Amino acid sequence: MLLDTASLYFRAFFGVPEITAPDGTPVNAVRGLLDFISRLVGDYRPSDLVCCWDDDWRPQWRVDLLPTYKAHRVAAERTGAPDVEEVPDPLEVQVPIIREVLDAFGICVVGAAGYEADDVIGSFAAQARQPVDIVTGDRDLFQLVDDDRDVRVLYIARGVGNHERVTNEWVRGKYGIDAHQYADFATLRGDASDGLPGVAGIGEKTAATLLGRFGDMDGIVAAALDPDADMGPGPRGKVKAAAAYLEVAPQVVAVARDIDLGSPDTSLPPEPKDLPRVAELGQRWGIESPVQRLTDVLCAL
């Protein structure tokens, strides 16, 4: 089970009422994330669990290709280090606490320099030799769904307790494409939340039609340039007008699948790694109940 950790703790922060530790520090995201993990582990009983981390939420190599990429979410630019993401202050102070608690439990946390959590997830999923469940609220990860390899997404857009199990059939029913076409579909359609403009005038239906007819982005671009291809003048003109964007955007949207992640111990701990520290953190931050729930879930497996 691969967790898109930021997706989960952002959801916890905005979905769990404000709660503070004894010293006044907000801890609603910490509490929510721990309860999410307890529920997911209890329901699915994975053999391995990885909290995938954004070591770089906006990699420079993606920005070099497409300067608009996540530009609207930059709070401050930095030279030689990842830009600072606009994160609510009451959430920002909780992220180090989350790392501390996960470490005390012995839950594997993996990031990669110069890459987003999506890329870590993509590399684990591509290199796994067992079924994989990806937990995220990010549609871009639908591109990793692979029924033949038992890779699916547990999509939490409607909540962790009301998540959807995304398979290729689900993607086809929702968008009229296969999961392996989703990255090209997103490139064509665009995504304002990631600063992807898309191809002007091409929405989901046209994008799905083009992919159904021409297979992938290379096929679509080739058809647009071929006067004999079966492509109407409207889409043809729009694709040709977006040539510069379509030259770089597919590389931005595609998640990495070949990062060398080393050999971390991803096995789900049968009990907290450091029980005294877990207890101390629970008391310090006023999160005794969610800490106890996760401890009980681990020990019951």
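The structure presented is a predicted model; accordingly, all values stated were derived computationally and were not measured. Along the sequence shown, the residues carry numbers beginning at 1. These numbers come from the heavy atoms of this one structure, side chains and all, not from hydrogens, waters or symmetry mates.
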Are [X] and [Y] close enough that some pair of their side-chain heavy atoms sits under 4.5 Å apart?
X      : Y      : answer
Val109 : Arg99  : yes
Ile220 : Leu188 : yes
Arg277 : Glu100 : yes
Val171 : Ile177 : yes
Leu3   : Leu33  : no
His180 : Asp216 : no
Leu144 : Val153 : no
Arg58  : Glu85  : no

Can you tell me if [X] has over 12 outside heavy atoms packed within less than 6.0 Å of its [atom1]?
X      : atom1 : answer
Gln130 : CD    : yes
Glu280 : CD    : yes
Glu247 : CD    : no
Glu77  : CD    : no
Gln283 : CD    : no

Please answer whether the main-chain N or O of [Y] pairs with a side-chain N or O of [X] as donor and acceptor at a distance below 3.5 Å.
X      : Y      : answer
Tyr245 : Gly198 : yes
Asp147 : Asn168 : yes
Gln181 : Gly215 : yes
Arg149 : Ala128 : yes
Gln143 : Asp140 : yes
Asp4   : Thr136 : no
Asp54  : Asp56  : no
Arg236 : Ala229 : yes
Asp35  : Pro290 : no
Asp118 : Val255 : no

Looking only at heavy atoms, which two atoms of [X] and [Y] are closest? And how far apart?
X      : Y      : value
Val84  : Arg78  : CG2-NE, 3.7 Å
Ala249 : Thr187 : CB-CG2, 3.6 Å
Pro22  : Trp285 : CD-C, 3.8 Å
Arg62  : Gln251 : NE-O, 4.5 Å
Pro59  : Glu116 : CD-OE2, 3.3 Å
Gly111 : Asp55  : C-OD2, 3.4 Å

Do the side chains of [X] and [Y] join up, straight or via other hydrophobic residues, at under 4.5 Å, putting them in one cluster?
X      : Y      : value
Val63  : Val252 : no
Val160 : Tyr44  : yes
Val135 : Ile107 : yes
Leu268 : Val110 : no
Leu298 : Ile287 : yes

Margin query: Please evaluate residues Lys273 and Asp103 with respect to the criterion salt bridge (Lys or Arg N to Asp or Glu O under 4.0 Å), reporting the C-alpha separation (whole Å), side-chain torsions for both, the decisive distance (0.1 Å), and the verdict.
Written below: CA-CA 8 Å; Lys273 178 182 73 173; Asp103 179 66; 3.4 Å; yes
Quick one: [atom1] on [X] to [atom2] on [Y], what's the gap to the nearest 0.5 Å?
X      : Y      : atom1 : atom2 : value
Leu301 : Asp296 : CG    : CG    : 11.0 Å
Arg39  : His163 : CZ    : NE2   : 8.0 Å
Met1   : Leu154 : CE    : CG    : 5.5 Å
Asp48  : Cys108 : CG    : SG    : 9.0 Å
Thr167 : Arg152 : OG1   : CZ    : 9.0 Å
Thr206 : Leu211 : OG1   : CG    : 11.0 Å

Next item on the list: Begin from the C-alpha positions of Arg165 and Asp133 and carry the test side chain to side chain contact (heavy atoms under 4.5 Å, CB included) through to its verdict.
Entry: CA-CA 9 Å; Arg165 297 181 180 93; Asp133 279 339; over 6 Å; no
Notebook entry, point to check: Using a distance-only test with no angle check, is there a side-chain donor-acceptor pair under 3.5 angstrom linking Gln94 and Asn28?
Noted result: yes
Next item on the list: Would you sort out whether Val239 and Ile202 count as a side chain to side chain contact (heavy atoms under 4.5 Å, CB included), showing the intermediate values?
Entry: CA-CA 9 Å; Val239 170; Ile202 290 186; 4.0 Å; yes
Margin query: Less than 4.0 angstrom from a charged side-chain N to a carboxylate O is my criterion; do Arg73 and Asp83 meet it?
Written below: no
Check: Is Glu164 paired with Lys174 through a side-chain N to carboxylate O contact shorter than 4.0 Å?
Finding: no
Next item on the list: Mind running side chain to side chain contact (heavy atoms under 4.5 Å, CB included) on Val291 and Leu281 for me, showing each step along the way?
Entry: CA-CA 9 Å; Val291 159; Leu281 289 171; 6.0 Å; no
Check: Between Tyr182 and Phe185, does the ring centroid distance fall short of 6.0 Å?
Finding: yes
Check: With under 30° as parallel and over 60° as perpendicular, where do the rings of Trp170 and Tyr175 fit, or are they tilted in between?
Finding: perpendicular
Next item on the list: Evaluate the ring planes of Tyr155 and Phe142, with Trp represented by its six-membered ring, and classify them as parallel (under 30°), tilted (30 to 60°) or perpendicular (over 60°).
Entry: perpendicular
Next item on the list: Could you go through the side chain to side chain contact (heavy atoms under 4.5 Å, CB included) check for Val132 and Phe124 one step at a time?
Entry: CA-CA 9 Å; Val132 174; Phe124 268 122; over 6 Å; no
